[in-house]
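In each ligand, atom 1 is the first atom listed, and ligand 1 is the first ligand listed. Along the sequence shown, the residues carry numbers beginning at 1. Worth saying up front: this structure is predicted, and the values here are computed from it rather than measured.
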Amino acid sequence: MTQQHITILGSTGSIGCSTLQVIALHPEKYRVFALTAFSNSELLLEQCKEFKPSYAVLVDIAENQDLTQRFKEQGTQLLFGIDALEEVVVHEAVDTVMAAIVGIAGLKPTLAAASCGKRILLANKESLVVSGQLLIDAVKLSRAVLLPVDSEHNAIFQSLPVNHQLGLADSGVEKIILTASGGPFLHRQVNELVDITPEQACKHPNWSMGKKISVDSATMMNKALELIEACWLFNASPSQIEVLIHPQSIIHSMVAYKDGSVIAQLGCPDMRTPIAHALAYPDRIQSGVPTLDLAKVGSLQFESVNLERFPAIRLAYEVVKTGGTASTILNAANEVAVDSFLNKRIRFNQITDVIEAVLNQITIDAVDSLEVVLAADQQARSLTHNIIEKSEV
Ligand code: NAD
Ligand code: MG
């Protein structure tokens with residue numbers, strides 16, 4: 001196989017760094033074409049020293065000659081501003097795009113990658129949540145390839161038959177079992193959730209991740225977003241997906257077939273495995289992750305989700321049923337609420353209350369254009385800010 005040329009959107013984040021670790025093991029297979037970051041210029045420069053990309057992008061930093069010069073000395077042309085993300089995605093030299101920006105900020109460059117037929121390794125689940133229809137349509141129209149990096153979806157993808165896009169039921173699939181660790185507060189009483197600090201919420205028992213997804217895991221909004229993500233990726237209805245708590249995160253999800261078989265993907269909880277799988281698919285490459293030692297793990301536990309403790313999951317089922325911009329609104333309200341929690345403006349247990357209040361107050365539209373999606377996102381963001389400022393929850 002010829003060398004794949006890769007753009008990594010969000011290379012300074014948790015997924016971005018893990019992707020570079022896997023790529024570093026296979027310099028003959030992958031060449032980094034571009035790296036992008038929001039504002040961490042020092043880490044981005046370090047990455048450029050090692051991987052020598054043609055381009056680097058700093059989204060939130062004004063044009064700066066000194067920085068430009070320092071990147072140039074590494075052989076990298078530095079671009080500034082949000083529009084440069086699309087430039088380094090649609091470039092004809094690019095084969096593969098790792099979409100690892102967090103939040104709706106990842107939407108436009110991911111859509112651009114889809115529209116010009118790239119191979120997309122999708123970590124940025126929010127882009128499917130906010131505009132699944134547009135992204136899937138763009139992928140189909142341009143024959144792009146969309147490979148899931150989210151560990152659960154990667155596990156489901158590995159456990160499904162190759163022809164599953166023809167329809168889950170026709171492929172003999174009874175249901176998808178989406179596993180969830182339950183996060184750090186799985187067994188806390190509801191009244192104990194009031195005093196949880198951002199530091200406690202960001203300490204996940206199994207995974208090391210960015211701040212936003214860590215808080216999402218603690219509220220189980222991460223699983224809610226993943227349920228929506230799974231519906232789009234696998235053309236599934238919400239009734240075909242069951243969320244199951246599995247605190248050890250060893251099974252990364254499963255597929256149950258109508259003959260009674262259940263196929264699961266297991267491994268150490270380390271994102272380098274799904275990243276390596278998506279990078280090399282359909283081949284297999286070393287990821288740097290040790291083989292699972294099941295004797296050491298000892299036992300695997302499972303329990304069903306308590307929807308009262310974790311209203312996020314209930315909201316996700318409702319939102320998928322409603323369709324249209326409902327999931328766009330859910331995502332926007334969540335991004336604002338998580339940010340407010342991290343900045344200590346609301347309490348942990350108010351995050352899902354805020355989101356539900358926003359969902360109850362906005363009219364849902366059909367998603368037929370990016371403009372509709374972005375308008376719903378803006379409307380939901382400002383309403384969420386208003387609700388938080390007025391402390392209506
Ligand atoms: P992170 O916060 O560690 O990194 C985010 C990256 O995006 C950084 O490089 C940052 O510079 C960039 N970024 C942030 N805001 C931006 C903006 N407005 N414009 C442009 N770039 C911006 O996040 P992460 O944990 O690596 O997660 C990235 C994505 O992958 C998220 O969508 C998350 O849900 C998904 N994901 C992460 C994990 C994980 O283990 N970390 C697992 C599954 C899925
Ligand atoms: Mg996941």
Open item on the list: Within the 4.5 Å heavy-atom criterion, are R119 and Q4 side-chain neighbours or not?
Closed with: yes

TODO: List the steps, then state whether ring-ring contact (aromatic ring centres under 6.0 Å, His included) holds for F157 with H153.
DONE: CA-CA 6 Å; F157 182 69; H153 305 74; over 10 Å; no

TODO: Please report the shortest heavy-atom distance between Y30 and I6, naming the atom on each side.
DONE: CD2-CD1, 3.7 Å

Task: Between H252 and Q265, a side-chain donor and acceptor under 3.5 Å - done: yes

Task: 2.8 Å shell around the Mg ion (ligand 2), exclusive bound, protein N/O/S atoms - done: 3

Open item on the list: Under a 4.0 Å threshold between the charged nitrogen and the carboxylate oxygen, would E226 count as salt-bridged to K125?
Closed with: yes

- [ ] Mind checking whether K211 contacts ligand 1 via backbone (N, CA, C, O), side chain (CB onward), both or neither, at a 4.0 Å heavy-atom cut-off?
- [x] neither

TODO: Have a look at I15, T12, N40 and point out the one with the heavy atom closest to atom 27 (O) of ligand 1.
DONE: I15

Open item on the list: Over 60° means perpendicular and under 30° means parallel, so tell me whether H91 and F33 are parallel, tilted or perpendicular.
Closed with: tilted

Task: Minimum-distance protein heavy atom relative to atom 25 (O) of ligand 1 - done: G210 N, 2.9 Å

Task: Ligand-residue contact atoms, ligand 1 with I213, heavy atoms, under 4.0 Å - done: 25 (O), 33 (C), 34 (O), 36 (N), 37 (C), 38 (C), 42 (C), 43 (C), 44 (C)

Open item on the list: Return the closest protein heavy atom for atom 3 (O) of ligand 1 as residue, atom name and distance.
Closed with: S14 N, 2.9 Å

Task: atom 34 (O) of ligand 1: the protein heavy-atom neighbour that sits closest, reported with distance to 0.1 Å - done: K125 CE, 3.1 Å

Task: Mode of M271 contact toward ligand 1 - side chain, backbone, both, neither (heavy atoms, under 4.0 Å) - done: side chain

Open item on the list: For ligand 1 and M209, I'd like to know whether there is a polar contact (N/O to N/O, distance under 3.5 Å).
Closed with: no

- [ ] Nearest heavy atom to atom 1 (P) of ligand 1 wins, so pick from G13, S214, A100.
- [x] G13

TODO: For the pair N343 (side chain) and D339 (backbone), establish whether a donor and an acceptor sit closer than 3.5 Å, ignoring hydrogens and angles.
DONE: yes

Task: Any donor-acceptor N or O pair under 3.5 Å, side chains S54, R31 - done: yes

Open item on the list: Side chains of Q77 and K72 only: does a donor on one sit below 3.5 Å from an acceptor on the other?
Closed with: no

Open item on the list: If we ignore hydrogens and angles and just use 3.5 Å, is the side chain of T76 paired with the main-chain N or O of P53 as donor and acceptor?
Closed with: yes

Task: Carboxylate-amine/guanidinium proximity below 4.0 Å for R314 and E308 - done: no

Open item on the list: Under 4.0 Å from a heavy atom of A37: which atoms of ligand 1 are those, numbered in the order shown and with their elements?
Closed with: 11 (O)

Task: A105-ligand 1 polar pair, N/O distance under 3.5 Å - done: no

Open item on the list: Using a plain distance cutoff, I'd like to know if E126 has any nitrogen or oxygen under 3.5 Å from a nitrogen or oxygen of ligand 1.
Closed with: yes

TODO: Could you tell me which atoms of ligand 1, counted from 1 in the order shown, lie closer than 4.0 angstrom to a heavy atom of D150?
DONE: 43 (C), 44 (C)

Open item on the list: My understanding is that we take every heavy atom of each candidate and find the minimum distance to atom 14 (C) of ligand 1. Doing that for L128, L9, V102, D270, which one comes out nearest?
Closed with: V102

Open item on the list: If I take atom CD1 from residue I177 and atom CD from residue Q240, how far apart are they, to the nearest 0.5 angstrom?
Closed with: 13.0 Å

Open item on the list: Distance alone, cut at 3.5 Å: any donor-acceptor contact between the side chains of S181 and H204?
Closed with: yes

TODO: Establish, from distance only, whether the side-chain atoms of E126 and N124 form a donor-acceptor pair under 3.5 Å.
DONE: yes

Open item on the list: On a heavy-atom basis, I'd like to know which of S151, A123, G103 is closest to atom 30 (O) of ligand 1.
Closed with: A123

Task: Nearest neighbour in protein (non-hydrogen) for atom 29 (C) of ligand 1 - done: I101 O, 3.7 Å

Task: Identity and separation of the nearest protein heavy atom to atom 16 (C) of ligand 1 - done: F38 CD1, 3.5 Å

